Structure formats: C-alpha cells, structure tokens
Engineer: 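Below are the structure tokens for one structure; questions will follow.
Note that the coordinates shown come from a computational prediction; the quantities given were computed from them, not determined experimentally. Just the heavy atoms: all of them, side chains too, but no hydrogens, waters or symmetry mates, feed the values below. Just so you know, ligand 1 is whichever comes first in the structure, and atom 1 is the first atom listed for that ligand.
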Amino acid sequence: MDLEVTQQHLLRELAARYGVAPASARVVFAPYRICPLGAHIDHQLGTVTAMAIDRGVLLAYAPSAAREVRLSSLEFAGEMRFELDRPGAPQPGDWGNYVRGAVQALTRKGYTLSRGLVGVITGPWSEGGLSSSAAVGVACLLALEDGNALRVAAEENILLDQAIENDYLGLKNGILDQSGILLSRRDHLTLVDCATNQHELVPLTQPVGAWSILLAFSGLKQALTGTDYNRRVAECAAAARILLDAAERSEAKALLGCVRESEYAEHKRKLPHPLDLRAAHFFSEVERVRQGVMAWSKGDLPLFGRLMTESGESSIRNYQCGSPPLVDLYELLVRCPGVYGARFSGAGFRGCCVALVNEAAAQQIAEAITPAYARRQPALAAQASVEICHSEDGARFLAGPLGQSIKDEG
Ligand code: GLA
C-alpha cells in the first residue's frame, strides 16, 4: 500500500464527489494491527502485544458547517449520510456503522459535536483478522474530533473506539485492536496491560536480521458479531467465577485476569469441560506474553516466533476459535523454512494468519503457501492471497492542519 499514491487518489475523489479543494482537505491514516502474542486475553484483562502494519484505512475529509456526516467509500457502494443528532441504530453488515458509532460514542461521553464532515474512505482487506473495523472507527473518531477542535488523548480514544464495538455493536471485545492502532511505533512491540490500560513500547534493542510480517488470507469473510466470539468471552467469565468462588473471593466482576496464578493452580481441577480449556489458554498465553517480551527485547526472533506458534496451537486446542481454512494456513506456515512463527491473526474465525518471517525468505514462503493452500481449500483459493508487509507507526494525520502524530495530542 503506497500511502502517498492512495492519499492523492482519495483527495481527487474527495474533490470530485464533494467539491473539496485538496489544499483544504485533511487525511488521517489508521493502520491495521497484528497481535503476535496475547490472543483472546484482552477481554479478560490480560497483557497483550500488538504492532501496527504499513496497511490500513485512509480517510480524506473536510469538516462541514452542516450538522451532517456524508461519507463514501472506494470499496463499498452507497453513501453514508446522517445528521449528527440522529446517528441511528447499527445496520447488520453496514460499513457505515463505525462512523455512526463514533458519533454516538463521542456524544455519550459528553463531547459536543457541532460540525459534521464530508469524506471518502478506503481500506483494503476488510475481510478480517487485521482489525479493519477498529481502524475505520479510529479514523472516524479522529476526523470528527479534528473537525470539532476536540483534544482527545490516545488513551481516551482507545476507550471511545471500544465503546463503538461494545456498546453500539454489541461485540464484547477488549482494547487490543484500538491500542495497537493508536499507540504503536515502527519496529517496537506495543505491550498493553488491559487491566490498567497502561502501555509500553518495547524496542528490538539487539541487532537482528531483516524480518517481515507475512499475511496469508484465507478468503473466508464473516463478521465477528456472527461468530462464537462472545460465547468464548462468556465461557472465560464462567471459568473465572468458579475459580474465584473456590478461592473464596467475592469479586463483583469475574474475569480470568482477576484470578491469581496460585489460585488457578490450586483450583483448576474444579473447572468442567470446556471451561478448563479456556482457562488453560488464558494462563498459558499470559506466560507466553511474558517470555515473548523478553525474547523480543533481546532480539531473539526464533524464540519469539516459537511462542507465536505455541500461541496458535493453544488457540486451536484450548480456545477452539479457529476455522478449518485458518487451521490449514497455520499448519502450512509453521512448516515453511524461514517462518519464525505463525498464528491466526485476530479472532481466528475468518480472515488471515500472520507469520513473522526472515525477510530474505518471505517471497519464497509466499510462493510455497499459495498453491499448497489452494490444494487444501480449492473453493476459497480464488479469494485467498499472501501479502508481505512491515511494522509501522500508529494512527496519524498525513495532511491537514494538525499534521502530527496522534500520540502527541491531548
Ligand atoms: C478481535 C477482538 C480483540 C481481541 C482479538 C483476539 O480482534 O476485537 O479485542 O480479542 O480478536 O485476540
């Protein structure tokens, strides 16, 4: 994705569709994110890792005096048009839900929106796994805040974007996606403690060979709200309640992150199936994150990659969130020479697998995976693809008066 080329294209579209002169337009970039370690533990208040990549959502816009939002997309037909006071209820599968949700989240938080916007948005690979939905939400929040001269810190934008998903769309997810999108810095691991919302950027301090991020798309597209995502969240909570009761602790909210490791070790035999598996995933993933951060800071990509692969295995066996095409991709990737490690990207019900690879071998890996996957999943082969990308800074304005990193604001 060439950001400069895409930006120029969007500016031309904004001029053609809404008559906005490129000189007065603003452009915001919200990258996609990967989560090498820490899968499915954010909603249980675990500590997770994330990284933004050099692909994402670009939104070219101009604030408008009208109290109206008008947004169109390069990928999807139709225009999203509504008044700021009436964002309306979410429509199933509608890309405009995120901008409606952004208006609602800001308003409910007490922000006054007096100016709407006109805009054109683009984002490749909305098929899942890279958090394109959170990227759209973040881009819309930032554009609305900019247009209304609101200074909102990244930490608050994380919670506002989470509110779009939790309160407006009903997905019970955590803060992994938004944190990766807003806080990341190139070649750093973004470590997010979901219990305190504190984060740390962990650099690759020791010299390592060149590495890339390989994305292997399954061709499977489906919204997370229609999957077992929320059911797994509820199973984790049920496991936490049993463990806390056994430890005679009366926490109001039962989440696995509230259970001490010693309590888990003492009472885990009391968990019925499959709650025992969900808890096993949580506590083993917490440990993998701990070891992974040390491996990353020492530049030990082979060890970091092995932990990713183990995390993938735990997602399949314990969290049971994969779908057969994703499991196929995972199995193919982890056997490829040059792959340090691989796992499902994101929730794992659809979308892609992510692999950390030796850059010198990346092209060869891509060429090996494509026909092998087509043999396993012939019906999906035409929509499947492999992309090689790199780590990138978090969300930022590319054009416009702010012209600065989102992290410097607020
Ligand atoms: C989705 C959710 C995140 C997180 C991941 C799995 O991307 O939106 O909150 O739970 O799945 O790690």
Engineer: I want to know if ligand 1 touches G174 in the polar sense, i.e. an N/O pair below 3.5 angstrom.
Structural biologist: yes
Engineer: Could you list the atoms of ligand 1 found under 4.0 angstrom from a heavy atom of L176?
Structural biologist: 4 (C), 5 (C), 12 (O)
Engineer: Between the side chains of D42 and N173, is a donor N or O closer than 3.5 angstrom to an acceptor N or O?
Structural biologist: no
Engineer: Checking R278 against Q320: is there a side-chain donor and acceptor pair closer than 3.5 Å?
Structural biologist: yes
Engineer: Find all atoms of ligand 1 within a distance of less than 4.0 Å from any non-hydrogen atom belonging to A347, and give their numbers and elements.
Structural biologist: 11 (O)
Engineer: Salt-bridge test for D177 and R33: reply yes if a basic N is under 4.0 Å from a carboxylate O, no otherwise.
Structural biologist: yes
Engineer: Identify whether the distance between the nearest side-chain nitrogen and carboxylate oxygen of E263 and R249 falls below 4.0 Å.
Structural biologist: yes
Engineer: Check ligand 1 against N173 and write out every atom of the ligand that is under 4.0 Å from a heavy-atom position of the residue.
Structural biologist: 2 (C), 8 (O), 9 (O)
Engineer: If only side-chain N and O atoms count, and only distance matters, is there a donor-acceptor pair under 3.5 Å linking S218 with Q377?
Structural biologist: no
Engineer: Is the closest heavy atom of A39 to ligand 1 under 4.0 Å?
Structural biologist: yes
Engineer: Consider only side-chain N and O atoms of Y98 and D161, and report whether a donor and an acceptor are under 3.5 Å apart.
Structural biologist: no
Engineer: Under the side-chain hydrogen bond (donor to acceptor under 3.5 Å, both in side chains) test, which residues partner S314, sequence neighbours left out?
Structural biologist: H281, R288, N318
Engineer: Need the ligand 1 atom indices (1-based, order shown) with element for anything under 4.0 Å from a heavy-atom of R33.
Structural biologist: 7 (O)
Engineer: Which is closest to atom 1 (C) of ligand 1 by heavy-atom distance: Y229, Y319, F349?
Structural biologist: Y229
Engineer: Does any N or O atom in D177 lie less than 3.5 angstrom from one in ligand 1, N or O only?
Structural biologist: yes
Engineer: So is D42 polar-close to ligand 1, meaning N/O to N/O under 3.5 Å?
Structural biologist: yes
